*Asks:* 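Encoded as structure tokens, here's the structure I'll be asking about.
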Amino acid sequence: MSAEDFRRTGHKIIDWIADYFQNIEQFPVLSQVEPNWLKDNLPKTAPEDGEDFQAILADVDKLILPSVTNWNHPNFHGLFSTSTSAAGIFGELLSAAFDQKAMLWRTSPASTELEEVVTDWLRQMMNLDAGFKGIIYDTASVSTLHAIAAAREGLNLKVRENGMSGREDLPLLRVYTSEQAHSSIEKAVLLLGLGQKGLRKIETDALFRMRPEKLREAIEEDKQNGFIPFCVVATVGTTSTTSIDPIEAIVPVCEENAMWLHVDAAYAGSAAIVPELQSCLKGCERADSVVTNPHKWLFTPFDLSVLYCRHLDLLKRAFSLVPEYLKTNETVANQMDYGIQLGRRFRSLKLWFVIRYFGRNGLIERIREHCRLAKLLASWIEESDDWELLAPVPFALVCFRACPKDISDLDALNEKLMNDLNASGKAYISHTKLNDKFTLRLSIGNIRVEEKHIETVWNLLNENLSLAKSQKLNDN
Ligand code: PLP
């Protein structure tokens, strides 16, 4: 593509994106297409000859846009509401242009060194101590996998050399996490060959937090059985409710048993940049690793997860493998040594853009506002006889359900309220189960969300509830 064509098409694409954001509220939040609609409308084979970008962009409008779920819509409140930002998009664009494969320092000094600098900025913003060094992976799932691999390497059981299968000298190795922990912990354990038996889920209290005394009991029992407890994964901001495990009470249990403590703050780590929320990471000064996802709540386009680790030496010991063709004589950190991938994307660029564009204060302001909106919604729920909160609201996620006195099957009612709202295209919320109750989850984290958007969902939910109540009256 000539420079002139590149410029012309590039301007068109930037215009397209600007219009998309400007009109975002006109699109349904959840894509309204049926399964296979896109596949059925695309050619079965690749074009023989190159096509004009005009035609390609026309198909973006006709085929791709309707098949997109609009995470950038301010009424996207499902799962964890996350959104990109202009600054992040520009970072991603430049990163694609540079196309760095940061394996060795020399194959990308910029990516290698900017990653160190920008993760250190974020560390300071989160008030984590300087003992933590940051390394960027794609997702929290992968960050946690690497943390547990480093923890296992620290056992000096020669797993790197001898593997785990067929070894009579190796008892069951165990990781502990709460029953509210994210499924990525279990997946990491699976991938590391520890098996599902290698993960023990610890009971939580009435507020969905890991019970440290149960953790202690479990570890004691496992030690008596000859198992090797080696890692605890605590969560700050669990997926279902954003509950916070009591890190300060978990730390001594880990220290007494010489176990690695990994803290999954994939969601809530970003909140720690807000001074009044900083205490959510209290205790991490004695943790071994912490993961946080700027792609969740720091307006950074997916994907970018940061693993903060005190023992990069162990990570390196677990993963470093340098074939002849990658040997160099510089005394520098080579990013390929700290994980499973050889080449790594230049992800730090977009986070650098985001932090510089918003500044610490701009980011704090937005996260603080999201938390205010969540508390506001929680207050409306508390004031209403028809609704109840099902979990505390420490950050910007509200767990609740409709509980009108005249309807008995509340699970069915709430599921219908959620499905009807989502089918309307006007908003998207998701659900979880808490104490066996079908629970609505409304997450607030979009860069465009304002109070009026929360009012909209609240009004829609109440309208749907009124309909359900009158339907019930008619049925009776
Ligand atoms: N940990 C927690 C607490 C999460 O809520 C999530 C996702 O929502 C993850 C880990 C996994 O995140 P990722 O998609 O970056 O792997």
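Numbering of ligands and ligand atoms starts at 1, following listing order. When reading the values below, keep in mind they use all heavy atoms of this one structure, side chains included, and skip hydrogens, waters and symmetry mates. Here the structure is a predicted model, which is why all the values come from computation and not from measurement.
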*Asks:* Among side-chain atoms of Asn361 and Glu365, is any donor-acceptor pair under 3.5 angstrom?
*Replies:*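 Their side chains do not contain a donor-acceptor pair, so the 3.5 Å distance test is not met.
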*Asks:* Have Asn446 and His73 got a donor and an acceptor in their side chains that come within less than 3.5 Å?
*Replies:*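 No.
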*Asks:* For residues 77-91, which residue pairs pass the side chain to side chain donor-acceptor pair (under 3.5 Å) check, not counting sequence neighbours?
*Replies:*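 Every pair satisfying side chain to side chain donor-acceptor pair (under 3.5 Å) with a residue in residues 77-91: Asn75-His77.
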*Asks:* Heavy-atom cut-off of under 4.0 Å around ligand 1: list whichever protein residues fall inside it, by chain and number.
*Replies:*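 Correct list: Phe80, Thr139, Ala140, Ser141, His182, Ser184, Gly237, Thr239, Asp264, Ala266, Asn293, His295, Lys296.
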*Asks:* Compute both the distance and the angle, then confirm whether Arg310 meets the cation-pi test with Phe132: under 6.0 Å from the six-membered ring centre, within 45 degrees of the axis.
*Replies:*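 Because its charged atom sits under 6.0 Å from the ring centre and within 45° of the axis, Arg310 does stack over Phe132.
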*Asks:* Please answer whether the main-chain N or O of Gln100 pairs with a side-chain N or O of Ser108 as donor and acceptor at a distance below 3.5 Å.
*Replies:*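 No, Ser108 side chain to Gln100 backbone: no donor-acceptor pair under 3.5 Å.
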*Asks:* Using a distance-only test with no angle check, is there a side-chain donor-acceptor pair under 3.5 angstrom linking Lys416 and Asn419?
*Replies:*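 Result is no, nothing qualifies.
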